[in-house]
2 protein chains.
Amino acid sequence: MRLTTKGRYAVTAMLDLALHCDEGPVSLADISARQGISLSYLEQLFARLRYFKLVKSVRGPGGGYRLMGSTTDISIAQVVDAVSESLDATRCEGKGNCHEGEVCLTHHLWEDLSAQIHQFLSDITLADLVARNDIQSVRKRQDLRVVSSHNDETHIAISEIL
Amino acid sequence: MRLTTKGRYAVTAMLDLALHCDEGPVSLADISARQGISLSYLEQLFARLRYFKLVKSVRGPGGGYRLMGSTTDISIAQVVDAVSESLDATRCEGKGNCHEGEVCLTHHLWEDLSAQIHQFLSDITLADLVARNDIQSVRKRQDLRVVSSHNDETHIAISEIL
DNA sequence: GCCAATTCCGAGTATTTTACTCAAGTATTC
DNA sequence: GAATACTTGAGTAAAATACTCGGAATTGGC
């Protein structure tokens, strides 16, 4: 599990895709313009997202990308994993050259820690983010003087989602 | 919040330090030998750890590094933050050049997500890892036929820690 | 059938980060 | 004063990041 700006770009792009998925296929040019990510870079990211079957492409004019499946099925961890390959960063990969098991101890420890973060991000889906996004939109509109008094089911505690 | 191999190296080194902190100052040469991390690289990492007041140095023969404070006071997040500077990876840093707030939405969203991971790692201290490490050590020794029957208070459920 | 939009694909590249080497200097203990 | 170990700084090779560019393939609309 690696957490870099690359994964951040991918999550942002996927979220943009999720926000506009009901308007037909979304072109990378649109995402590029909206999110300020280079088109060619998006192409590379989506090549991996496609390879991992998180999105499907529609070629030709009016084409673009669609989510493969529902937003409730795609987790943040999947997106991050798709674009950033996992690496080991240890010399001892089960080769048994650790003195007294110490190296392996910290090694496994970090792996477990990494797995925990992975699990954490696996529990958050695009749908969760979209829902939360809606809340922020509502909030923004409320800040702009429009006070609506109906957010009963859309009012989900943020702390419950994230 | 960035999660790369650099932070992993730092956590491993700090954990090694925590494991041997009761034997006086720990030299980087020892950590280097035990954990297989280059001495010069450790020097760079510990320069930052020192700057962030996570460790203190003891110069001269028999010197090395000590933890600044107790293992219960140092979280994984602190260690990771110390060695990896945070970056933004967005063009709009509050400059207001986001159309209709969309960019800022995903932007803030990711920041909150990152903050959640940060909080997650803030809740895990070196002491937690040492305790967990002891458990594994005990297990290893048990595998080696030495069965000790005293782990009453050191026996903390792993799932409770991580 | 042609054209334009769009995905696809590969090569190349500048910048940054990573992980490390080397060398000199400083403080401390024995 | 010599050995130990931190401290500092310069430099560097490899990898990852974040693109650019050029072109090819696909397809909807005219």
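We name chains A, B, ... by the order of the sequence lines, and we start the count at 1 in each one.
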Listed once per pair and sorted, the salt bridge (Lys or Arg N to Asp or Glu O under 4.0 Å) pairs that draw on residues 40-55 of chain A, sequence neighbours left out: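 Residue pairs with at least one partner in residues 40-55 of chain A: R48(A)-E85(A).
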Within this structure, what is the [atom1]-to-[atom2] distance between [X] and [N], rounded to whole angstrom?
| X | N | atom1 | atom2 | answer |
| --- | --- | --- | --- | --- |
| L45(A) | dT7(C) | CG | P | 13 Å |
| R8(A) | dC19(D) | CZ | P | 13 Å |
| M68(B) | dC6(D) | CE | P | 16 Å |
| Y9(B) | dT17(C) | OH | P | 18 Å |
| K6(A) | dA16(D) | NZ | P | 9 Å |
| R2(B) | dT17(D) | CZ | C1' | 11 Å |
| R66(A) | dT6(C) | CZ | P | 14 Å |
| I37(B) | dT21(C) | CD1 | P | 13 Å |

Under a 3.5 Å distance rule, please check whether [X] uses its side chain to pair with a backbone N or O of [Y] as donor and acceptor.
| X | Y | value |
| --- | --- | --- |
| T5(A) | R8(A) | no |
| S32(A) | L28(A) | no |
| D123(A) | F120(A) | no |
| Q44(A) | Y41(A) | no |

Sugar-phosphate means primed atoms, P, OP1 and OP2; the rest is base. With that split, encode nucleotides 20-30 of chain D 5' to 3' as B, S or - using protein heavy atoms under 4.0 Å. BB---BBBB--
Does [X] place a side-chain N or O at less than 4.0 Å from the phosphate oxygens OP1/OP2 of [N]?
| X | N | value |
| --- | --- | --- |
| Y65(A) | dC8(C) | yes |
| T5(B) | dA19(C) | yes |
| R50(A) | dT7(C) | no |
| S84(A) | dA16(D) | no |
| S57(B) | dA5(D) | no |

In the structure I gave you, are the side-chain heavy atoms of D16(A) and L19(A) within less than 4.5 Å of one another anywhere?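 When only atoms from C-beta onward are counted, L19(A) and D16(A) do not touch, as no gap falls below 4.5 Å.
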Between side-chain atoms of residues 55-74 of chain A and protein atoms elsewhere (two or more places apart, or another chain), which donor-acceptor pairs fall under 3.5 Å?
residue : atom : partner : partner atom : Å
S70(A)  : OG   : T72(A)  : N            : 3.1
S70(A)  : OG   : T72(A)  : OG1          : 2.9

Residue met sooner reading DNA chain C from 5', once A47(A) and G63(A) are mapped to nucleotides: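 Its nearest nucleotide being more 5', the pick is G63(A).
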Return the 5'-most residue of the pair G64(B), V83(A) with respect to DNA chain D, ranking by each residue's nearest nucleotide.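 Counting from the 5' end, the first nearest nucleotide belongs to G64(B).
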